[in-house]
There are 2 protein chains.
Amino acid sequence: MKSPSHPRDRGIPEATVARLPLYLRALHGMAERGVATVSSEDLAVAAGVNSAKLRKDLSHLGSYGTRGVGYDVEYLVYQISRELGLTQDWAVAIVGVGNLGRALAGYGGFVSRGFRIAAVFDADPEIVGDDIAGLNVEHIDELEAVIKRRGVSIVVLATPAAAAQEVCDRVVAAGVTSILNFAPVVLTVPDGVDVRKVDLSIELQILAFHEQRKAGGPLMAVDSQ
Amino acid sequence: MKSPSHPRDRGIPEATVARLPLYLRALHGMAERGVATVSSEDLAVAAGVNSAKLRKDLSHLGSYGTRGVGYDVEYLVYQISRELGLTQDWAVAIVGVGNLGRALAGYGGFVSRGFRIAAVFDADPEIVGDDIAGLNVEHIDELEAVIKRRGVSIVVLATPAAAAQEVCDRVVAAGVTSILNFAPVVLTVPDGVDVRKVDLSIELQILAFHEQRKAGGPLMAVDSQ
DNA sequence: GTGACTTTGTGCATCGGTTCACAAAAGGAT
DNA sequence: ATCCTTTTGTGAACCGATGCACAAAGTCAC
C-alpha cells in the first residue's frame, strides 16, 4: 500500500518555509490595495520568485487555490500566517543595547507581524534604566527571571561577539529554544535549540566577491536575492 | 578526451562563497591566538561546519593544504581574502539614516574587512549635515555625483520600503552593480546587478515557525545556522 | 630509506530543491 | 450540456550541494 497523496503532510521543506514570509508580505500589500484574488503568476512576480516554485510551495500547505481563478488573498494570508505561527503573538527579548540593539528595538517590522518586544537587556550600568523605544533597559542579571516571568520564547542576541556564547548558554538554560544571533560568532547549542544568524559583514563580503568577478572579466552576470 | 582535473577552475559554487567569510573569521581568530597551522577538522569545528565540506570548499580555490599537516593559517587567510576580493578596499555608501542606517554606519565589522564607508545619505533636511560615526550625512540629491566622485561600488539600502526601489534605480543608473538591501521590498534590477537582501522580520518568522512546531508536538529537533 | 601515521583532496552515492510541462479542475459562454 | 479558456497541483527530469569513505601524499621517527 502506498501513502495516498499528502494533502496536509507535516514536514514543509526548509526552503519553502524561508519563502512563506515573502509571500505573506506580498499578499499583505495586495490586501491593502483591495485585491481579492491573485494568480500564482502575479503573486510570484510580486514576491520575486518563479510561479512553479510558488505553486509547489503553497501546495505543501494544502490546496488553497481555485483552478482557473487563483488564490483568495485574505484566505491565503490567514493560512500562511497560521502555518508560520503568526496568529499567536510572540514575546521577544533583545540582549545588547548597542547601535544594533537600539535599531532592532525600534524596528517596526517586528511588531507588525505578531512579535512583541517584551524586554531589553544590557550589561552596562550606564545604559540600564534608559528608555529605548518605550522599553526600560534591564540589567543582564535579571535575564533568567524576566524571561520566565514574561514568557519570552525568542531571544535576539545583539551583544559583542565575546559575550554572545555566555548569554546564549544562559537563555538556553532558561528554556529558550529559538535564537536570532547578530554577533559574529558560531554559537554552540544543544539539540533542539534553533539558531539563525545574521552577519552583516558576510553579506558584504559575498557582494565583494561577485563585484570583483565583474571587474575582472565582464562575462558573468549574477542576480540573486 | 576528458578535462584534466580542474585545479583553479573558475566558477566557485555559490554555497562555497557564502561560507568563505565564515572560514576567514575563524582563521583570523586563530592567527590572533598565534596558531600557525590548522587541520580541516579543527577549522571546521571553529566555523561550525563539517570537515568534508570544508575541504571540498577549500579545494575549489586550489590545493593549499599539506597532507598529514593541515593548512597554514596565514597563507589560507591570504588566499581566501584574495578570492573574496578583500585585498582591495571597497568604498561603500549607506542610504537612509534611520535607526538601522545609523547602526550600520557605526558597525565595526565592516571596516575591519576592507570595507570603507565613503558616504551616508538621507532625504530628511533635518538630518543632512549631521555627523554619524564621523561621517557627514549628505543629501540624497548628491547621490549620483558623490557615488561617482568617490568611486562607490557597493550601496547599502536602509531606506523606508517605499523609497527603496527609486533609490535603487538611481544608484544602478549611476553605475553601481552591488546592492545590499535592508528594506522589506523585492527590488527589480537589470541583469548584471547583484542584490542581496537582509530582512530581519523574515528571520523571526522562520524562528516562529519552528518554535510553533516544537510546542505543538515535541518530536522534531532542528538546528541550522 | 622504510614503515607507521596523519590528513588532504576527491569520486561517488545521495538528498533536497528547482524547473518543466501537462493532466485535472474550475468557470464562463453559448 | 458541451466546449473553450484559464490556472492550479504535481509527476518527473534535472541540478547543485552534502557527506561518506578512501586512495594519494605528505611528515616523522628510526
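A, B, ... follow the sequence lines: proteins, then strands. Residue 1 opens every chain.
The closest side-chain heavy-atom distance from A/Leu204 to B/Arg113 is not below 4.5 Å. B/Phe110 has its side chain out of reach of B/Val92: every pair of non-hydrogen atoms, C-beta onward, lies at least 4.5 Å apart. Between A/Arg213 and B/Ile12 there is a side-chain heavy-atom pair separated by less than 4.5 Å. Looking only at side-chain heavy atoms (C-beta outward), B/Tyr107 and A/Leu200 come within less than 4.5 Å of each other. Side-chain contact between B/Ile179 and B/Ile154 is absent, with no heavy-atom pair separated by less than 4.5 Å. A heavy-atom distance below 4.5 Å is found between the side chains of A/Tyr23 and A/Leu54. Contact annotation: the side chain of B/Asn181 never approaches that of B/Cys168 to less than 4.5 Å [non-hydrogen atoms, C-beta and beyond].
Contact of A/Lys56 with C/dT19 (side chain to base): a donor-acceptor pair of N or O atoms is detected under 3.5 Å.
Here C/dT10 presents its P atom at 14 Å from CG of B/Leu54, a figure rounded to the nearest Å. Straight-line distance from the CZ atom of A/Arg55 to the P atom of D/dT6: 15 Å, rounded to whole Å. One can place NE2 of A/His60 at 10 Å from P of C/dT18, the figure rounded to the nearest angstrom. Put simply, CG on A/Leu58 is 10 Å from C1' on D/dT8, counting in whole angstrom units. Protein atom OH of A/Tyr64 is 12 Å distant from nucleotide atom P of D/dT10, rounded to whole Å. Rounded to an integer number of Å, the gap from A/Asn50 CG to D/dT7 C1' is 15 Å. Distance, A/Asp72 CG to D/dT7 P: 16 Å, rounded to whole Å. One can place CG of A/Asp57 at 7 Å from P of C/dT18, the figure rounded to the nearest angstrom.
Side chains of B/Ser153 and A/Glu211: no donor on one and acceptor on the other come within 3.5 Å. Counted by atom type alone, A/Tyr75 and A/Gln79 present one or more donor-acceptor pairs between their side chains at under 3.5 Å. For the 3.5 Å distance criterion, the side chains of B/Arg55 and B/Ser40 qualify, holding a donor opposite an acceptor.
Between the CG atom in A/Leu104 and the CG atom in B/Asn99 there is a gap of 9.5 Å [rounded to 0.5 Å].
The phosphate of D/dG9 (OP1 or OP2) has a side-chain N or O of A/Tyr71 nearer than 4.0 angstrom.
Around atom CD of A/Gln88, more than 12 heavy atoms belonging to other residues, nucleotides or ligands sit under 6.0 Å away.
Counting only residues at least two apart or on different chains, the salt bridge (charged side-chain N to carboxylate O under 4.0 Å, His left out) pairs with a member in residues 19-42 of chain A are A/Arg19-A/Asp57, A/Arg25-B/Asp199. Within the structure, side-chain hydrogen bond (donor to acceptor under 3.5 Å, both in side chains) pairs that include any residue of residues 160-175 of chain A comprise A/Glu144-A/Arg170, A/Gln165-A/Asp169 (at least two apart or interchain).
Inter-axis angle, ends of the helix from C/dG1-D/dC30 to C/dT30-D/dA1, five pairs per end, rounded to 10 degrees: 10°.
Contacts with DNA chain C (heavy atom under 4.0 Å) in residues 35-47 of chain A: none are found.
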Short N/O separations, protein against nucleotides 23-26 of chain C, under 3.5 angstrom:
residue, atom, partner, partner atom, Å
C/dA24, N3, A/Arg67, NH1, 2.7

Atom pairs, N/O to N/O, protein against nucleotides 13-17 of chain C, distance under 3.5 Å?
residue, atom, partner, partner atom, Å
C/dG17, OP1, A/Ala15, N, 3.4

